[in-house]
Amino acid sequence: MPTDLPLPSATSALPPVLAGPLLRRLSPERLILWLVGSRPLQLSLQLACAGSQQRLIALDAPLCRRLRVGTHAWLHLIDVPLDTPLPTDTPIEYDLLLEEDGRRSGIADWAPHLLHEGARRPDFLLKSHLDNLLHGSCRKPHFPGADGLAKVDSLLAGLRERPQARPALLMLSGDQIYADDVAGPMLAAIHALIRRLGLYGERLEGALVADSDALYAHPLTYYRREDLLPAFKSSEALRERFFGGVEKPVFTSANAHNHLVTLAEVLAMYLLVWSPLPWTLIRPARPALDADLAERYATEQACLDGFLAQLPQAARALAHLPCLMIFDDHDVTDDWNLSARWEETAYGHPFSRRIIGNALIAYALCQGWGNDPDAFGEILQRIEALTADADERLDDAAQDGLIDELLKFQSWHYRLPTTPPLIVLDTRTRRWRSESHPSRPSGLMDWEALSELQQELLDEQAAVIVSPAPIFGVKLIEAVQRLFTLAGHPLLVDAENWMAHRGSAKVILNIFRHSRTPANYVILSGDVHYSFAYDVRIRHRSGGPQIWQITSSGIKNEFPAGLLTCFDRLNRWLYTPWSPLNWLTKRRRMEVVPRIPHRGRRGERLWNGTGIGQLLLDVLGRPRSILQHNADGSAPTRFVRSAELQRASGRTEDGIVESARLRRGKAE
């Protein structure tokens, strides 16, 4: 493996904490935190807030569950119920005190990069209402743009003197990692970290390499992993769909040539994208490459260096703001569960089934558990059994058995009992598959899952729904996807949208029309690598509901700028309010009115740029401000109604002042 650092001679050669803490699901009665150590750590949680006595809670079992994933790698899943609830709407300082060799050290000692200037400890805020939240998706480390999570940190730093203006939470709505699109330098770092920490290996059934060690050492493991698939006819579809980097000329080209395969690789990537500390333990060297790939490697390294420069800020943001997550395709693989035929191909081969399963195991440990720990009791027991007895390599049968359970697991979705409630959808694993046309895209949720969603919504006054893919997307792009689907090539254009499947489209739209579901819906989405906001209402109905589709994507990714401008312009021309093309869409009974990014060019509706979205809600759960904070440091972009921008552009003195205020990006 490409590293010139020796293996640690003992655990003491490694820092005690490798990643974290990440604040996950927090409430006055319960605190969920995630941390990774190089050994099982003896920890205590210290809590302090103004006007209250300081609390010190020993994190013994069962408050801290320690799962070993390597010789020198232990997950610490911290779940603390509180007999006396914590206060809301006031900053609460916290510390994780580590006891080793008779000494006690805190975050200021072992992770000083997590502290804001002048602070002794990190802190968090428990909001009494969900009135202010940040959201975004799609964080690709080697994309040549600034990191939206670093922008979250700068926003929090600017609010230290105004805690009431802090967001209630950060919602990451998909593609927190790119397991299927990995830069060469990142893969080299992953392999170096696997060796440094002794992350467990595994046997690979159905592959041209026998096990993980052979995979890492193979000359094709960098940029040519698709050639390591079994060379027989039944794997041709898999090779094309899963690893082949299928060209997508309408949008972009997939790059799956460094696709993560083993559980160790996926776990190592989580550590490397969430913490700067693992990077200090490795010095990866460039593998042997030909001239073209060496040039690509150098380009990716330059982009990755920019990511690393901002990584301490991203880690600090995750240590100060409660963070909820849900997967999308790149957390596992591109086009994951796109169609019934895709599932038949991918799950019918032991190698691809293992790859998908490994990504799900890592997601459960690093993302899913922190969203809803109560749902993962049996899953954690099986993971613990798998890793507890491992001797450098995982048991093959136990690993496959765990993957079988995860592929049947139906509790990836969750709900927060906030005001208004936050309902996070699983649009990946409970799909409405087409029996008559198995190659056509599946519905993003099946009838049973949608029925459960409707029950969740009954008699609520308002709701915030998180759907990784927008429910109300750009009509032109959806039309292009439909044309490619009818031509038999849905994989070429990522033909995954709510309107691509007649059944799921009809049911989700009927839920909005139901008389007992909320009067105010906010839908938060990501996935598409650009940002926009729509006001939606049902035609010919005066009593509501009011719906807002708000999309923020990506945190560190963008749509090709020229192509997006073309789509934006054509969409406005072809789907004007009076266009007959609107009647060919499944949402023809819905009136969809785009909001305007106030810093955009004339007529622009889609905003392209890395960053993070922010939503401010009024007491009825309606948006009072929709912003996109740009990671490049420019002023935030507000999505405003056309009438508001027209009034601000008036010729009166007041109008000129208001227009200037809007163009500067001032919040309401």
Side-chain angles (χ1 to χ4, degrees), residues 15-27 30-38 41 43 45 47 59 63-67 69 73-80 92-96 98 106-107 110-116 121-126 133-137 139 141 147-150 152-153 156 166-177 266-279 310-327 331 362-373 376 380 414 416 424 555 612:
V17 176
L18 302 172
L22 270 66
L23 299 181
R24 299 304 315 279
R25 183 168 176 166
L26 304 186
S27 70
R30 190 176 183 184
L31 305 178
I32 310 297
L33 294 85
W34 180 94
L35 178 139
V36 180
S38 61
L41 304 175
L43 297 167
L45 175 63
L47 301 170
L59 297 180
L63 303 187
C64 180
R65 193 163 189 168
R66 299 167 179 85
L67 278 76
V69 293
W74 293 74
L75 268 71
H76 293 66
L77 307 180
I78 300 169
D79 184 351
V80 182
I92 300 169
E93 292 186 350
Y94 77 96
D95 207 344
L96 283 175
L98 169 64
I107 292 175
W110 46 262
H113 62 280
L114 298 181
L115 303 183
H116 290 292
R121 294 172 287 206
D123 63 7
F124 59 84
L125 191 77
L126 302 171
L133 61 89
L134 300 177
H135 67 110
S137 74
R139 184 171 179 248
D147 190 348
L149 288 190
V152 174
D153 177 65
L156 294 176
R166 286 174 62 164
L169 57 86
L170 169 64
M171 182 70 232
L172 299 180
S173 56
D175 301 343
Q176 280 67 257
I177 66 167
V266 188
L267 290 172
M269 187 168 194
Y270 275 109
L271 295 178
L272 292 167
V273 301
W274 281 348
S275 174
L277 293 176
W279 292 93
Q310 293 189 299
L311 190 52
Q313 291 174 267
R316 186 164 58 209
L318 296 174
H320 283 79
L321 189 60
C323 182
L324 285 303
M325 308 176 187
I326 190 63
F327 47 46
D331 293 290
Y363 173 84
L365 291 173
C366 299
Q367 297 194 57
W369 172 84
N371 296 325
D372 186 8
F376 286 84
L380 284 187
Y414 56 97
L416 264 64
V424 182
I555 293 174
I612 200 76

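The analysis underlying the following values was restricted to heavy atoms, covering all of them including side chains, and did not include hydrogens, waters or symmetry mates.
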Identify the heavy atoms of [X] and [Y] that sit nearest to each other, and give their distance.
| X | Y | result |
| --- | --- | --- |
| P322 | L26 | CG-CD1, 3.6 Å |
| Q310 | A150 | NE2-CB, 3.7 Å |
| G37 | H76 | N-ND1, 3.8 Å |
| D95 | I107 | OD1-N, 2.9 Å |
| L45 | L59 | N-CG, 3.9 Å |
| P16 | L41 | O-CD1, 3.6 Å |

Nearest 0.5 Å, what's the [atom1]-[atom2] distance between [X] and [Y]?
| X | Y | atom1 | atom2 | answer |
| --- | --- | --- | --- | --- |
| I326 | S137 | CD1 | OG | 12.5 Å |
| L156 | R166 | CG | CZ | 6.0 Å |
| L172 | H135 | CG | NE2 | 11.0 Å |
| H113 | L311 | NE2 | CG | 7.5 Å |
| R24 | D372 | CZ | CG | 10.5 Å |
| W369 | F376 | CH2 | CZ | 10.5 Å |

Task: Salt bridge present between R30 and D79 (N-O < 4.0 angstrom) - done: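 Answer for the salt bridge query: yes.
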
Task: From CA spacing to verdict: side chain to side chain contact (heavy atoms under 4.5 Å, CB included), L324, L170 - done: CA-CA 6 Å; L324 285 303; L170 169 64; over 6 Å; no

For residues [X] and [Y], determine if any side-chain heavy atom of one lies less than 4.5 Å from a side-chain heavy atom of the other.
| X | Y | answer |
| --- | --- | --- |
| P141 | I177 | no |
| L96 | W110 | yes |
| P21 | L33 | yes |
| R139 | L149 | yes |
| L18 | L277 | no |
| L169 | L321 | no |
| L380 | L77 | yes |

Task: Test item: side-chain donor near acceptor, Y270 and Q176, under 3.5 Å - done: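 Looking only at side-chain atoms, Q176 and Y270 do not form any donor-acceptor pair under 3.5 Å.
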
Task: Audit row: H320, D123, side chain to side chain contact (heavy atoms under 4.5 Å, CB included) steps and yes/no - done: CA-CA 6 Å; H320 283 79; D123 63 7; 3.4 Å; yes

Task: Parallel, tilted or perpendicular: rings of W274 and W34 (30°, 60°) - done: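 W34 vs W274 ring planes: perpendicular.
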
- [ ] Take L22 and L35 through the side chain to side chain contact (heavy atoms under 4.5 Å, CB included) test and state the conclusion after the steps.
- [x] CA-CA 7 Å; L22 270 66; L35 178 139; over 6 Å; no

- [ ] Under the side chain to side chain contact (heavy atoms under 4.5 Å, CB included) rule, what do N371 and V424 come out as? Steps first, then yes or no, please.
- [x] CA-CA 10 Å; N371 296 325; V424 182; over 6 Å; no

